[in-house]
Structure formats: C-alpha cells, structure tokens
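Report on the following structure.
For the numbers below, each heavy atom of this structure counts, side chains included, while hydrogens, waters and symmetry mates do not. Chain A is the first sequence line, chain B the second, and so forth, proteins listed ahead of strands; every chain is numbered from 1.
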2 protein chains.
Amino acid sequence: MIYMTKTTVTKAAIQKVSMKKMGEHCERVSELLKSLSHPQRLMILGHLTQGPKTVSELQELCSISQSQLSQYLNRMRLEKLVNRTRQGKYQVYSIENQELVQLIAAIQKIFCC
Amino acid sequence: MIYMTKTTVTKAAIQKVSMKKMGEHCERVSELLKSLSHPQRLMILGHLTQGPKTVSELQELCSISQSQLSQYLNRMRLEKLVNRTRQGKYQVYSIENQELVQLIAAIQKIFCC
DNA sequence: TATTAATATTAATTAATAGTAATATGATAT
DNA sequence: ATATCATATTACTATTAATTAATATTAATA
C-alpha cells in the first residue's frame, strides 16, 4: 500500500522474506494445484489420503467413467502425486507425496467444516 | 482396498464422514483452486495476504504486464477472491475471503519451508 | 487357449485458458 | 481543456485441458 507507518514497515520486512520463498516455490506449487483444481481429481486424491485404492474402488467412490479415471490417475502418476503397484489383476493407487497429504488435510480443515 | 481387517473397517467409517463433506465441497473448492493454480495468480494472492496493494504495486512485485494483471485481478474479483476499492487514481485490491487467507498460509507453511 | 474382468491407450472434438497488443476510461494535475 | 498517469476492456491467436468413444493390453480363470 501507499501509506507506510512504522508498523507496516516492520510487517513489510517479515512479508518480504516469506514472499521471497513463495516466489521461489510458486511455479512448482501452482503446477501441483492445477491437479487439485478439478472436482473429480480432488475427490480422487481425497479418497487416496484415506488409504490405497484400486481403480474400480475409485470408480465407485467417485462415480466417474473408467476412461477418465484412468487418464486422471495416469496424469497424476506422471506428476508424482500418486503411485501405482499391481496386485494381481488390480492396480492399486496410493499417495506417496507427504506434502500433498498435508495440503489435502489443510483443505479439508479449512473448507469442509 | 480389497482386504479389510477390523482396523481398516473402523478407519473406513471415519473416512466416510470426512469424504462425504469433501464430496459436498469439492466442486466449490476445486473452482477456487483453479485460480491458485497459476504461478502469477498465486503470487498476486500471496502478496495480497500481506495487506492491500494497488495495481501498480502488484505489477512491480510480480513483474507482470499491466493488461494481464488487470485481467487476473478482474477474474479473481468476479470469483470473490479479492475486492477492490478506489483510492483517488489508484485501485486498491485486498483479500476479503478468510478461507483463502488460511489456505495460502497453509500452502506457505507446507511448501515454502 | 479362449474368455472375461480390470485397466490403459489413442484419437478426435469441444471448451477453457494464456498471452499479447491495441484501445478505452477515469482521475488528477497543469 | 488537455495532458498524463493508472487501470480496464476488447479482440485476437495460440495453447492447454476436458470429455467421450473406441480399441488395446494384461492377468486370471474356465
């Protein structure tokens, strides 16, 4: 803002530090957020924070078409948001990324109360 | 997952509740996240959490073209993420939405340490 | 080994977003 | 009243994302 008092100067100093870090990270973070910025992908990840799920379990939970689900999962796998292991004829997806788990927990806390 | 033990059954019950709420909100939340899923918009909002800013201040802080900045701000204003008040020849933008402030704080905490 | 269930891939269409440049508006100062 | 600064709007192009349908793959089973 335009008018600066002593307190805002102090605040500005604090802010500068945290926003510098923000600047460093916002490319990567915004990339990650892009994956969460879709209702069904957010839903998928939400369910995965509760534990590993097979594709067909997710399909039931999220009521989403097989093709789309597979495409979303593949996308998020390439982005390292989820990982996949085969278990017989099932593919089991889970969340590996701890930051992501924290983020989704924070989102639930803020928006789902 | 496929194999259910007593503990996972209990977990599933807990999870069902929070995921139900997630389901209710994920449309709205993902919509909001869409605005954050862009490096410069994230940056803009980050700066605005530190206090109100004029357009030209944001322009300096985010090194972004006037036109694009104005377009982003307008978009986020329509989405009620920021609000605008005129102060003489300046337009001052700020964050009204408390959820958004919390979310950005959480993001900083998780990703910018 | 042929069939089926589970999942992945491809292709094609449509919709949304990003980015840029040019022009317009609105307030202030001359 | 006009020139200038701050901001907004419009129009356009390029890029990316979402959606759907059809087909392919892989593992299990009859």
Legend entry - Separation of atom CG in B/L78 from atom P in C/dT17, rounded to whole Å: 13 Å
Inset, instruction - Give the rounded distance in Å between these two atoms: CG of B/L36 and P of C/dT17. - result: 14 Å
Inset, instruction - Counting Watson-Crick and G-U wobble pairs only, both distances under 3.5 Å, name the nucleotide matched with D/dA30, or none. - result: C/dT1
Inset, instruction - May I have the distance from A/L69 (atom CG) to C/dT9 (atom C1'), rounded to whole angstrom? - result: 14 Å
Legend entry - Between C/dT7 (C1') and A/I64 (CD1): distance, integer Å: 14 Å
Legend entry - Short side-chain donor-acceptor distance under 3.5 Å, B/Q71 and B/S67: yes
Legend entry - Heavy-atom side-chain proximity of A/Q108 to B/K21 below 4.5 angstrom: no
Inset, instruction - Taking the side chain as every heavy atom from C-beta outward, state whether B/L36 and A/V29 have any atom pair closer than 4.5 Å. - result: no
Inset, instruction - Check whether more than 12 heavy atoms from other residues, nucleotides or ligands sit under 6.0 Å from atom CD of A/E79, and answer yes or no. - result: yes
Inset, instruction - Would you mind building the protein contact string for nucleotides 1-7 of chain D? One character per nucleotide, 5' to 3', B for base within reach (heavy atoms under 4.0 Å), S for sugar-phosphate only, - for untouched. - result: ----SSB
Inset, instruction - Check the distance between C/dA16's C1' and B/E79's CD and give it to me in whole angstrom. - result: 13 Å
Inset, instruction - Please report, rounded to the nearest Å, how far the P atom of C/dT28 is from the CD atom of B/Q87. - result: 11 Å
Under 3.5 Å, which N/O atoms of the protein pair with N/O atoms of nucleotides 10-15 of chain C?
| unit_1 | atom_1 | unit_2 | atom_2 | d |
| --- | --- | --- | --- | --- |
| C/dT10 | O4 | A/Q71 | NE2 | 3.3 |

Legend entry - Nearest-0.5 Å distance, CG of residue A/L81 to OH of residue A/Y72: 14.5 Å
Legend entry - Beyond-backbone contact of B/H47 with B/M43, side-chain heavy atoms, under 4.5 angstrom: yes
Inset, instruction - State whether the number of non-hydrogen atoms from other residues, nucleotides or ligands found under 6.0 Å of B/E96 atom CD is greater than 12. - result: yes
Inset, instruction - Give the rounded distance in Å between these two atoms: NZ of A/K53 and P of C/dA6. - result: 17 Å
Inset, instruction - Could you check if a side-chain atom of B/Y93 sits within less than 4.5 angstrom of a side-chain atom of B/T54, using non-hydrogen atoms only? - result: no
Inset, instruction - Could you tell me whether A/R77 contacts a base, only the sugar-phosphate backbone, or nothing, with contacts defined as non-hydrogen atoms closer than 4.0 Å? - result: nothing
Legend entry - Any side-chain heavy-atom pair of B/M22 and A/L42 under 4.5 Å: yes
Inset, instruction - Verify the contact: side-chain N or O of B/R75 to OP1 or OP2 of C/dA18, cut-off strictly under 4.0 Å; return yes or no. - result: yes
Legend entry - Length of the line joining A/L58:CG and C/dA8:P, which is rounded to integer Å: 10 Å
